[in-house]
Amino acid sequence: MNLVIVESPAKAKTIEGFLGKDFVVKSSYGHVRDLAKKGLSVDVDNAFTPNYEILSDKKKLITELKKLAKKSEMVWLATDEDREGEAISWHLYNVLGLKPEKTKRIVFNEITKPAITKAIENPRDINDDLVNAQQARRVLDRLVGFELSPVLWRKVQPKLSAGRVQSVTVRLIVEREREIENFTPQNSFKVSAYFDVDGTTLKAELNKKFKTAEEAKSFLNECSDSNFSIDKLEKKPGKRTPAAPFTTSTLQQEASRKLGFSVAQTMSVAQRLYESGKITYMRTDSTNLSDTAIKQSKAVISDKFGSDYHKSRNYATKSKGAQEAHEAIRPTNLGVNEAGDDSAQQRLYDLIWKRTIATQMADAKLERTTVTIPVQNRDEVFTAKGEVVKFDGFLKVYVESTDDEHEEDKKNTQGLLPPLKEGQELELQKIDAIERFTHHPPRYTEASLVKKLEELGIGRPSTYAPTISTIQKRGYVVKEDRDGYERKYRHLTLKDSNVKEEEKKETTGAERKKLFPTDIGVVVNDFLIDNFTKILDYNFTAEVEKEFDDIAQGQLEWNKMIDNFYGPFHSNVEDTLEHSERAKGERHLGDDPKTGKPVYAKIGRYGPMVQLGETESEEKPKFASLRKNQSIQQISLEEALELFKLPRELGEFEGEKVSANVGRYGPYVRHQNQFVSLKEDDPMEVNLDRAIELIKEKREQAEKNKIKTFESEPDLQVLNGRYGPYIKYKKKNFRIPKDVEPEELTLEQCMEIIEKGGKSGKGKKKSTKSKTKKSTKAKGK
DNA sequence: CAGTGAGCGAGCTTCCGCTTGACTT
């Protein structure tokens, strides 16, 4: 018997089909061993020796693999052909206690029968240099993460985190926000002329924008006396080529632009398509297509569109630090143009199919026409540009989208122009001069952020989605919609020798699903840049990657490299702990006109807040949390003073006080011990009547959620919650077993469930430990 | 789940990259 170990179970299944009966193919499910979870687990005084432990969820798997390995004549380590894959093989070799003469390392980067057969015929040994490069990568990330994070706990706030990838990712977002804050839009007047050509309209743009309305106006006035005719007509051939096959990053971008998927959603939908064998592996940085896929495309394209539409192409991967352990993301069978179990899968599959097919299709041939129309007695000219597709080629199937939100503003090209010739006189309909404003650089979406990270070589296909989720979980960044605002602009028109000026309104600045830095994100970022400039440098990853490559080439010892890094880094950490001030992001907003006391905005123990008065003074200062849409950077003195007006007393209801305030979970109204969250109402505005209404609503809702109560035990209730029915007993919640009807529960049954201790939530420590099989013993006590 | 913003300082938090399910109060 032969045992083959790959990284993914779906891959194992496919390969098992290619290999004969003598082969058992199993999966390692990724890494099986890692640095121990607790502490550094890197011996910094002893050549940075790593302390590895088997991952807790892999223990069972390892026992199983050990058994199989023992029974096998040969174990084939077939993990991915990159740094991480090599390390997985090395860890497996060690953990399974394999023998050199009974172990072979094989690699293939496409899952096709010829590729696998070839791999089996060409085994090699584990590449220790490559393994060492991975150990260096792993150890460096642990050192950076586990030394920087505690600095933040001490100097900013507990539970924060920093790391080689996440901290630079946050920096991108903070810096973009600053660029936007410092941006002043420039206005100018864009001039467009409309001519009548045999009943159709020809639109032409002026090659100059005017800075002021006066300039634009005088230009329009001069135009009213001008005759217009075509001076030059140029035709040039053009072409467009298809975009490369999908990698993780480009798939995430296009699924975001075309389908509105978040990067996490794209990955989970792709995962399901992969598991059902519809597409190749979805975490890849390679644009390479297998020969079989290229041949298949040719057949499909010739059949569907004719052989004119076919052109074989290979795409070189251009992204920084690509490891190319897999193929590009493509349908496993290009002959299938529809697949997927639900609409999300079907839409994503369709996108992948079209993109892949398009890469093997002919260029689109275009004809670009430029027409020049001078203005008498002026240097400026109008130009009209048209673009006609002569042969659609790949455009028949797929066009890549862009992130540019203001594309319409910029582009000066239309489709087909009416038939024109040089010298032809034109009849003017009207000329518009419309005030336009320059746009600030765009805020990142998840997908455009991934694009940027890939350009910088930061992060890997398997980490783009988790990184974005981490920086949001830590509270550094939020993904939000923001309303736009109304802006006035001037619109001048020349028509029938008459210049008219109008003022119009437009909405601008609205954002959808964009990434914004939070106050804590800004403070942490500034602190890290001040104190750990090197790690926060956009080139840091690229620089260490170069050294990892040297290690992989056998030209550098991995622990020497780490030593060179760690020496200065660690003293930097010590130095910062000792000398740097606590980072609060404090801003002095001005002084309270009533009391003359200073007002500050800063990060407090519980988040962003404002403070009235000095902490050092005898009289205690007043504090108030910032509201959800406020930030330390932007809040004004007036807005801060408003915040000190809470809590507000609204009056009495049923003989008890009713007040409004903002707490940890947002604005609320309080009555006795009842807290009612405010959703639409403003705590500054809400009045007693409305508050009473809300209190009554909440009581009704609570009543509705009651499934069952017992007179003899008022502390116990069966309730309907977010995740279905549950039992509430003395402020603790208990899950109801699946086979029980909640309506029919008796008090005795309830008490039994409670005593069994099927407690949900909170008691996490117990539940994780009990998984490791000693649970019965623990309970026995 | 809900007022805080300070101080004793136990014991906790945290990284990146490779893979899938388990399961939420």
Side-chain angles (χ1 to χ4, degrees), chain A residues 6-11 27-35 37-41 55 57-58 61 79-80 82-85 87-88 91 134 137-153 157-167 268 271 274-275 281 283 325 458-464 466-467 470 474 541 584 602-611 615 620-625 646-647 659 661-670 673-677 719-728 731-735 759-762 764-765 767 771:
Chain A
V6 296
E7 289 182 41
S8 139
K11 203 170 173 178
S27 157
S28 76
Y29 294 84
H31 275 293
V32 295
R33 196 166 72 155
D34 188 20
L35 290 176
K37 271 214 292 289
K38 242 189 108 208
L40 264 189
S41 293
L55 288 162
D57 54 343
K58 298 291 166 60
L61 173 76
T79 53
D80 295 347
D82 58 11
R83 204 160 63 198
E84 298 296 325
I88 293 174
H91 282 301
Q134 193 274 348
R137 199 281 303 155
R138 182 67 191 93
V139 166
L140 179 116
D141 281 337
R142 173 56 70 86
L143 292 173
V144 170
F146 277 38
E147 294 218 358
L148 280 192
S149 300
V151 177
L152 295 181
W153 305 342
Q157 213 175 73
K159 293 191 181 180
L160 295 177
S161 67
R164 174 177 58 82
V165 172
Q166 59 168 285
S167 296
S268 93
Q271 172 92 30
Y274 167 68
E275 282 167 7
Y281 196 56
R283 290 186 272 263
I458 296 169
R460 305 276 316 129
S462 68
T463 61
Y464 295 138
T467 301
T470 301
R474 298 275 173 275
T541 290
K584 295 187 182 125
K602 63 180 186 185
I603 301 270
R605 258 214 297 181
Y606 305 98
M609 62 163 193
V610 284
Q611 175 185 322
T615 30
K620 259 193 147 186
K622 271 180 115 173
F623 302 100
S625 292
L646 289 175
S659 58
N661 200 0
V662 177
R664 177 136 154 55
Y665 303 96
Y668 64 90
V669 165
R670 180 179 182 174
N673 283 327
Q674 271 285 333
F675 293 82
V676 187
S677 290
L719 301 172
N720 207 355
R722 243 193 325 160
Y723 301 97
Y726 65 101
I727 298 170
K728 189 185 176 86
K731 291 194 173 176
K732 282 177 187 163
N733 297 333
F734 300 87
R735 224 184 353 246
K759 214 170 75 187
S760 60
K762 308 247 158 123
K764 264 188 180 168
K765 267 185 195 163
S767 66
K771 268 185 195 167

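These figures come from a predicted structure and were not determined experimentally. Hydrogens, waters and symmetry mates are skipped; everything else that's a heavy atom, side chains included, is used.
- Note on A:R33: nothing from the nucleic acid sits closer than 4.0 angstrom, heavy atoms only.
- Nucleic acid contact for A:V144: none, since no nucleic acid atom lies under 4.0 Å from a heavy atom of the residue.
- Residue contacts for A:G604: at a heavy-atom cut-off of 4.0 Å it reaches a base atom on one of the strands shown.
- Checking each of A:R138, A:R460, A:R137 against A:E84 for a side-chain hydrogen bond (donor to acceptor under 3.5 Å, both in side chains) leaves exactly one that passes, namely A:R137.
- Among B:dG17, B:dA2, B:dC15, the nucleotide with an atom closest to any side-chain atom of A:E84 is B:dG17.
- At the heavy-atom level, A:P9 lies under 4.0 Å from the strands shown only through sugar-phosphate atoms.
- Of the side-chain N and O atoms in A:Q166, one or more sit less than 4.0 angstrom from OP1 or OP2 of B:dC15.
- For the side chain to side chain donor-acceptor pair (under 3.5 Å) test, residues two or more places apart in sequence or in another chain that qualify with A:E147 are A:Y566, A:H570.
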Show me the dot-bracket string of DNA chain B, counting Watson-Crick or G-U pairs under 3.5 Å, with | for pairs to another strand and [ ] for crossing ones.
.........................
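- Applying the 3.5 Å distance criterion, the base of B:dT20 shares no donor-acceptor pair with the side chain of A:Y29.
- B:dG5 atom C1' lies 8 Å from atom NZ of A:K620, rounded to whole Å.
- If you check distances only, the side chain of A:R460 never reaches the base of B:dC16 with a donor-acceptor pair under 3.5 Å.
- Below the 3.5 angstrom threshold, one finds no donor paired with an acceptor across the side chain of A:T615 and the base of B:dG5.
- Proximity of a side-chain donor or acceptor of A:R142 to a complementary backbone N or O of A:L40 within less than 3.5 Å is detected.
- If you check B:dT14, B:dC15, B:dT19 against the side chain of A:T470, the one that comes closest is B:dC15.
- Closest to the A:R137 side chain, of the nucleotides B:dG3, B:dC16, B:dT14, is B:dC16.
- When each of A:R83 and A:K38 is assigned the nucleotide of DNA chain B with its nearest heavy atom, A:K38 is the one assigned upstream, toward the 5' end.
- Every residue two or more places apart in sequence or in another chain that forms a side chain to side chain donor-acceptor pair (under 3.5 Å) with A:S8 is listed here: A:Y274.
- The main-chain N or O of A:V6 is never found under 3.5 Å from a side-chain atom of A:T79 such that the two would form a donor-acceptor pair.
- With sequence neighbours excluded, the residues forming a ring pair (Phe, Tyr, Trp, His ring centres under 6.0 Å) with A:Y668 are A:F675, listed by chain and number.
- Taking only side-chain atoms of A:E275, from C-beta outward, the nucleotide of B:dT4, B:dT13, B:dG21 with the closest atom is B:dG21.
- Counting any heavy atom pair closer than 4.0 Å across all strands shown, A:Q611 reaches no nucleic acid atom.
- When the C1' atom is used for both B:dT13 and B:dG9, the distance is 16 Å, rounded to whole Å.
- Checked against side chain to side chain donor-acceptor pair (under 3.5 Å), A:K58 has no partners two or more places apart in sequence or in another chain.
- Annotation: of the two residues near DNA chain B, A:D80 and A:S161, the 5′-most nearest-nucleotide partner is A:S161.
- A:A162 comes within contact range of the sugar-phosphate backbone alone, with a heavy-atom separation under 4.0 Å but no base atom that close.
- Put simply, A:S149 has no side-chain N or O that comes within less than 4.0 Å of OP1 or OP2 on B:dC15.
- Among the heavy atoms of the strands, none lies under 4.0 Å from A:S27.
- Within the structure, a side-chain polar atom (N or O) of A:R283 is placed less than 4.0 Å from OP1 or OP2 of B:dT20.
- As judged by a 4.0 angstrom heavy-atom cut-off over every strand, A:G85 is placed among residues making no nucleic acid contact.
- Taking side-chain N and O atoms only, A:Y281 has a distance below 4.0 Å to OP1 or OP2 of B:dT19.
- Between A:T463 and B:dG17, a side-chain N or O to OP1/OP2 separation shorter than 4.0 Å is present.
- Residue A:R142 places no side-chain atom within donor-acceptor reach of the base of B:dC16, judged by atom type and a 3.5 Å distance cut-off alone.
- Of the candidates B:dC18, B:dG3, B:dT4, B:dC18 carries the atom nearest the A:H31 side chain, counting heavy atoms from C-beta on.
- The residue A:L148 sits apart from the nucleic acid: no heavy atom pair falls under 4.0 Å.
- Between A:S625 and B:dT4, a side-chain N or O to OP1/OP2 separation shorter than 4.0 Å is absent.
- A donor-acceptor pair under 3.5 Å is absent between the side-chain atoms of A:Q611 and the main chain of A:P621, judged by distance alone.
- With sequence neighbours left out, the salt bridge (charged side-chain N to carboxylate O under 4.0 Å, His left out) criterion links A:R33 to no other residue.
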